[in-house]
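These notes are about the structure you will find just below.
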Protein chains: 2
Amino acid sequence: MNRKITSMDVAAKAGVSQSAVSRVFTPGSSVSEKMARKVRDAAEELGYRPNVLARSLITGSSRIIGLVVAYLDNPFYADALQKLSEALDQEGYHLLVFMAGNTQGDVDHVIESLMDYQVDGIITASINLSGELAERCARAGIPVVCFNRSVIGEGLSAISSANRAGGAKIAAFLAAGGHQRCAHISGWQGSSTGRERAEGFAEGLSEAGLEVHAQIDGMFDRDTAMNAAQTLMQMSEPPDAIFVGNDHMAMAVMDHLRFVMGLSVPNAVSVVGYDDVPMAAWPSYDLTTLRQPARRMVDATVQEILTRITTPDAPVRRIEIDGPLLVRGSARLPKEAP
Amino acid sequence: MNRKITSMDVAAKAGVSQSAVSRVFTPGSSVSEKMARKVRDAAEELGYRPNVLARSLITGSSRIIGLVVAYLDNPFYADALQKLSEALDQEGYHLLVFMAGNTQGDVDHVIESLMDYQVDGIITASINLSGELAERCARAGIPVVCFNRSVIGEGLSAISSANRAGGAKIAAFLAAGGHQRCAHISGWQGSSTGRERAEGFAEGLSEAGLEVHAQIDGMFDRDTAMNAAQTLMQMSEPPDAIFVGNDHMAMAVMDHLRFVMGLSVPNAVSVVGYDDVPMAAWPSYDLTTLRQPARRMVDATVQEILTRITTPDAPVRRIEIDGPLLVRGSARLPKEAP
DNA sequence: GGTCAGACTGCATAGGTATGCAACCGGAAT
DNA sequence: ATTCCGGTTGCATACCTATGCAGTCTGACC
């Protein structure tokens, strides 16, 4: 209702100039102890706080980071969002959230809006960025960091887990468990994440003298993954192990195998996931999976975006973070060495 | 790298005044067809887009809504966040996200930061707001809407489900199922949500000639809920039904009962939840639960915040949205009428 | 006491846009 | 032809803060 309190109001009340007030609220400025106290008192009394928007108009820094994300029903991303927000808060930045499907027009539109807000940086999660768009951001001087998804072409930093190595680890584990027919319900093959895990899995199997028994794209979608599981198990030679491209789908697959098809996991078929979302540890699933260390990925993402903001021509980095295989009960174990 | 494109640049290129450019990008302004075309062409060519921050400095409207949320590991809130973002995007608003614990200092701090960004409105989810803070927002003219949590005192709009009625529905259902000893692992009793559901449950039971067999606060936390389940089942007269204050905890309780205590659900004990998160429908849980209609709650929230923004002295409203009981397999069913 | 360095402080302006006001234009009505 | 009016346009200013520059003040040192 009543007008906004401005630095001028505080200046008047404290009997000083507006610049003085500004300086008191700008860390690193030269102000005397006495002045600082006078101003702080007046500000306190009036309930003054600097206007971030007006400030950013001058400094050119809005302290807003745009986050573009496709799914939030996958708890891995919900968790990442929470951790990102907390980590950035620590540094005085905050997240402006945009949901985007993975269609090109959608993403384009979102990035445009994002730039309208003069964001200091952009983090994309589970999003494919066109090279052209990346180019525009670069020209506008806005750093972009891809979380858990890399992008075609150069110019963007990307943080992901070591997907290829992870896929290979899983392959080795299944092979050691004596599985003969290892199938893969992959993550969306239009994503680097989905492709790399599949490639790593194939390489790992071939290293063990096996090959991928069958592979179907699960599109990161529960229903699609369930259908894939159905198809796989109806093959003339059904698999004895299925590596599913992420936990979200893996749990759907387990549900389908157990409750629709009446198959025992892991006795009839082993299931392994990827991500280690919290639910994977719940006893109903007890899912063997490869952990993506969300905490470390988030920390790396935050650090990367901050350096790119403060040092615009820092080199673009691609960081892969290694994660351990968490052996639980959804896949047959390797035999102990005798 | 290269300077930002401003309305002045466009004006120069199009050979018109800066005001003209501004008007072209301000819906509802008076501009001739010819002028609009000239300006749009120039803008297109230069890649100009209005600076939202500078604009908001004048209009006093940032088109940013602050969202304060405590948990994102409860998928109900992750889902709500996604739906909120999409619905607001539709109206040209966007969400600035803040995580806050439920400690007072935490929330205070967050709201202060929020106001620094000159947000047009605040949505709190699963957060308790102090009356004093509410007062400050009101004085600053910033409307606040509480999502799924009401607040002590007046002054704030609140959208929630009909928690009391929901609790009562569950009580009636359990009573009809012939349960004799109905216990409650409640939501956090420091929250209106948790309290109202508990009260409704008690009222519903008493209506059926029963009373609450035992009640323990689950604090909306998985581990606390599991401990509560353990305690309940070790009573000299253990319950034959447990209403758990939300799905998130209910699934933990089911896991604990089944896998740690070796009890069958629903044969040994019935379990009912609240929320109907997507996972509740998954066959591993097949959880009987009361649906909170997220979509409708979000729509109501968006509409409420928008009217409060455009009409500052619109009356504060408390909206309760009714949801159906979804009968699945985690609780013994009422006998068919003979 | 005079000088000088250094620490503060105020003045004036910039940053990008929206908007009240006055000027302008064309056309219709008289 | 004159008047008047509605529709457009440009000018100037406001929104709120940060910062370069120049001026002031303090204290120390010779």
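Just so it is clear: chains get the letters A, B, ... in the order the sequence lines come, proteins before strands, and each one is counted from 1. Values below: every heavy atom of this structure, side chains too, minus hydrogens, waters and symmetry copies.
- Remark: the backbone N or O of Phe25(B) is not paired with any side-chain donor or acceptor of Ser29(B) at under 3.5 angstrom.
- The interatomic distance linking Leu53(A) (CG) with dT17(D) (C1') rounds to 11 Å, in whole Å.
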I need a per-nucleotide contact map over nucleotides 5-15 of chain D, read 5' to 3'. Cutoff is protein heavy atoms under 4.0 Å; write B for the base, S for backbone only, - otherwise.
---BBBBB-BB
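- Within 6.0 Å of the CD atom in Gln303(B), the count of heavy atoms belonging to other residues, nucleotides or ligands does not exceed 12.
- Between Asp41(B) and Arg37(B) no salt bridge is recorded (no basic side-chain N to carboxylate O distance below 4.0 Å).
- Regarding Lys4(A), its NZ atom lies at a distance of 12 Å from the C1' atom of dC16(D), rounded to whole Å.
- Lys83(B) has a carboxylate O that lies under 4.0 Å from a charged side-chain N of Asp79(B), or vice versa, which qualifies the two as a salt bridge.
- At whole-Å resolution of the value, CG in Asp9(A) and P in dC16(D) are 9 Å apart.
- Ser61(A) and Asp120(A) share a side-chain donor-acceptor pair at under 3.5 Å.
- The interatomic distance linking Tyr48(A) (OH) with dT17(D) (C1') rounds to 7 Å, in whole Å.
- For the pair Met115(B) CE and dC16(D) P, the interatomic distance rounds to 14 Å; values are reported in whole Å.
- Residues forming a side-chain hydrogen bond (donor to acceptor under 3.5 Å, both in side chains) with Glu91(B) (at least two apart in sequence, or on another chain): none.
- Rounding to whole angstrom units, CZ of residue Phe25(A) and P of dT17(D) are separated by 10 Å.
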Under 4.0 Å protein heavy-atom contacts per nucleotide of nucleotides 22-27 of chain D, with B for base, S for backbone only and - for none:
------
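- In this entry the distance linking CG of Asn51(A) with C1' of dG16(C) reads 14 Å, nearest Å.
- For the residue pair Ser157(B) and Arg308(B), the shortest heavy atom distance occurs at OG-NH1, 2.9 Å.
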Going through the checks in order, is the side chain to side chain contact (heavy atoms under 4.5 Å, CB included) test met by Phe98(A) and Leu95(B)?
CA-CA 8 Å; Phe98(A) 290 74; Leu95(B) 280 180; over 6 Å; no
